[in-house]
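Worksheet for the structure shown next.
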Amino acid sequence: MAVKSLSDVTINLSITALPNSGTAKIAILTGGTDSNAHSYTFNSIAGVEDTFDENSSVYNLIQKAFETDGFNGQVEAIVAPSSDVSTGSSTTTTSTSVTTGSTATSSSSTVNRFVYALKQYINDGFNYVVDDGLKESDLEAVSDYLYSKQAAALLTQPASVSAAQTLSAYSAKNQPITGDKLNGVYGAVETSSRKPIVQTAAALAQYNFTIGGVDVTKVGNLSEFQADDDLTAEDYKAIDKANASAVANLADMQMMYRGRTFGGNFLDEYINTKVVKDTFQYNLQRALNDIKTRSYNQTTIDFLYTIAVNTGNDLYNRNFLAEVPTIDKLDFAQVANQDISARDYHGFNVHAKISNSVETMAVRINLAE
């Protein structure tokens with residue numbers, strides 16, 4: 001048989017693309033006025049007025065993001081169509097009786113317009129999505145989609161405690177912690193016109209890019225951070241109970257009050273887990289892309305294993321992992337003949353403890369054509 005090269009082998013994970021923007025990046029999700037989805041990426045506030053009116057809420061969010069101390073990244077504005085998008089129609093025939101024959105009924109389905117837009121750009125390299133004042137039903141649809149894909153965290157800013165409680169109840173029920181999923185919805189109550197949530201996203205993205213894993217409660221003293229005078233002590237208790245957050249004065253510093261998502265896990269657990277999976281996937285795929293002449297043999301498996309080990313060490317050093325991961329390797333002699341013929345390798349298991357987590361999650365790496 002011919003010697004098999006690994007150059008055309010890809011990696012199968014729950015995430016199907018390999019995003020790496022090479023910079024800190026956040027996304028802002030807003031509504032549009034036509035029937036299409038659009039995306040605009042900005043490196044600074046300069047020129048944003050050519051796309052969005054300077055008096056618009058989305059312009060204000062972009063501006064506040066770039067005013068975040070230390071943020072040197074990009075802001076991607078994802079614009080949804082003006083209405084939900086039809087996914088086509090279908091016709092079904094129902095038999096009623098011998099004498100009356102059958103009845104044909106037609107039905108059509110639609111996808112939420114914000115979900116539709118996100119689907120087009122979800123692999124652009126951002127881990128945080130900030131909404132531009134979406135209503136409750138849209139937030140529910142967006143959070144359901146992001147949860148199903150574990151693709152990005154949704155950072156939202158409810159205008160009241162009751163709004164936070166409503167979304168929290170929905171998210172906790174419909175987006176629970178499971179063996180392979182974490183909740184990624186983080187809500188910070190703000191009753192004023194300030195925009196602390198977008199600065200939170202920008203700061204976290206920059207920290208993740210330059211430093212590594214970080215707890216959201218370490219974010220503070222930004223220009224939009226000021227304890228809300230309209231929130232009472234009882235409000236903060238209710239915020240706590242709902243697994244929400246807000247800006248609070250903590251030892252004379254304006255800080256994010258709490259770090260949990262609406263599902264009860266910590267936000268950094270969600271992000272760290274996603275970064276770990278993405279990084280293993282990206283680094284191994286790049287290694288496969290660079291292999292031109294290696295055969296499917298023990299030497300190639302050892303080469304890929306070295307890439308995986310180095311990746312795990314780097315993630316540990318950057319505080320995404322709490323300890324150096326254990327990586328199991330299936331040697332070539334144990335690989336099934338059908339896998340060799342199919343150009344599959346399923347031999348790596350990465351056992352990784354996510355930083356700041358009390359849970360240990362096993363991240364399986366499958367190399368498959």
Side-chain angles (χ1 to χ4, degrees), residues 13-21 25-31 37 39 61 75-81 84-85 87 110-158 163-164 166-188 197-198 200-202 204-205 208 216 242-245 259-278 281 354 361 363:
L13 279 177
S14 58
I15 301 169
T16 57
L18 301 166
N20 187 350
S21 62
K25 188 176 188 180
I26 68 169
I28 294 175
L29 184 60
T30 188
S39 170
L61 284 171
V75 176
E76 180 174 358
I78 298 175
V79 184
D84 292 346
V85 178
T87 58
T110 60
V111 60
N112 177 275
R113 61 186 182 125
F114 295 102
V115 172
Y116 176 83
L118 269 179
K119 285 183 175 181
Q120 316 309 309
Y121 307 107
I122 195 61
N123 292 315
D124 283 0
F126 50 82
N127 289 330
Y128 302 94
V129 177
V130 177
D131 71 284
D132 179 21
L134 271 61
K135 63 184 181 180
E136 170 70 23
S137 59
D138 291 324
L139 289 171
E140 291 175 1
V142 167
S143 60
D144 280 339
Y145 168 70
L146 292 176
Y147 174 77
S148 69
K149 300 297 183 183
Q150 296 286 285
L154 173 63
L155 274 59
T156 187
Q157 188 171 299
T166 300
L167 183 58
S168 177
Y170 178 88
S171 182
K173 177 182 177 181
N174 295 282
Q175 297 142 17
I177 302 169
T178 67
D180 61 352
K181 286 184 174 64
L182 292 170
N183 186 290
V185 187
Y186 182 80
I197 201 67
V198 73
T200 300
L204 287 173
N208 292 157
V216 65
N243 283 327
S245 188
R260 292 187 185 273
T261 67
F262 287 149
N265 57 267
F266 289 95
L267 177 62
D268 61 320
E269 288 178 306
Y270 178 93
I271 293 297
N272 292 352
T273 301
K274 181 181 185 300
V275 169
V276 166
K277 291 191 292 185
D278 283 356
Q281 183 180 355
I354 302 301
M361 300 185 69
V363 181

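Basis for what follows: all heavy atoms, side chains included, without hydrogens, waters or symmetry-related copies.
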Practice item. With side-chain hydrogen bond (donor to acceptor under 3.5 Å, both in side chains) as the test, would you mind laying out the steps for Tyr270 and Asn127 before giving the verdict? Key: CA-CA 10 Å; Tyr270 178 93; Asn127 289 330; over 6 Å; no

Exercise for review: Please step through side-chain contact (heavy atoms from CB on, under 4.5 Å) for the pair Ile28 and Phe126, ending with a clear verdict.
Suggested key: CA-CA 10 Å; Ile28 294 175; Phe126 50 82; over 6 Å; no

Practice item. Given side-chain contact (heavy atoms from CB on, under 4.5 Å), test Ile197 with Tyr186 step by step and report yes or no. Key: CA-CA 9 Å; Ile197 201 67; Tyr186 182 80; 4.0 Å; yes

Practice item. I would like to know whether Val185 and Tyr147 meet side-chain contact (heavy atoms from CB on, under 4.5 Å); could you show each step before the answer? Key: CA-CA 9 Å; Val185 187; Tyr147 174 77; over 6 Å; no

**Study point:** Test side-chain contact (heavy atoms from CB on, under 4.5 Å) applied to Leu29 and Leu154, step by step
**Key:** CA-CA 10 Å; Leu29 184 60; Leu154 173 63; 6.0 Å; no

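In this structure, the side chain of Ser143 engages the main chain of Leu139 through a donor-acceptor pair within 3.5 Å. Put simply, the side chain of Asn183 gets close to the backbone of Gln175: a donor and an acceptor are under 3.5 Å apart. The closest donor-acceptor contact from the side chain of Thr110 to the backbone of Asp84 lies at 3.5 Å or more, if one exists at all. Looking at Gln150, its side chain never comes within 3.5 Å of a backbone N or O of Lys274 through a donor-acceptor pair.
Closest of all the heavy-atom pairs between Val129 and Ala152 is CG2-CB, 4.0 Å. Between Ala117 and Pro81, the shortest heavy-atom contact is CB-CD, 4.4 Å. Ala153 approaches Leu267 most closely through the heavy-atom pair CB-CD1, 3.8 Å. The shortest heavy-atom contact between Phe266 and Thr261 is C-CG2, 4.2 Å. When all heavy atoms of Ala242 and Phe262 are compared, the closest pair comes out as O-CD2, 3.5 Å. Taking all atoms of both residues into account, the shortest heavy-atom contact from Gly259 to Val216 is CA-CG1, 3.4 Å.
In this structure the side chain of Tyr128 never reaches within 4.5 angstrom of the side chain of Val198, judged on heavy atoms. No side-chain heavy atom of Leu204 sits less than 4.5 Å from a side-chain heavy atom of Ile271. Using a 4.5 Å cut-off on side-chain heavy atoms (C-beta onward), Leu146 and Ile122 make contact.
Taking CG of Asp144 as the reference point, atom NZ of Lys149 lies at 12.5 Å (rounded to 0.5 Å). Taking NZ of Lys277 as the start and CD1 of Ile354 as the end, the distance is 9.0 Å to the nearest 0.5 Å. In this structure, CD1 in Ile78 is found 6.5 Å from CG in Asp124, a value given to the nearest 0.5 Å. Separation of atoms OG1 (Thr166) and CD (Glu140) is listed at 9.0 Å; rounding is to 0.5 Å.
Side-chain contact of Tyr145 with Asn112: a donor-acceptor pair under 3.5 Å is absent, judged by distance alone. Asp131 and Thr156 are linked by a side-chain donor-acceptor pair at a separation below 3.5 angstrom, with hydrogens and angles left out of the test.
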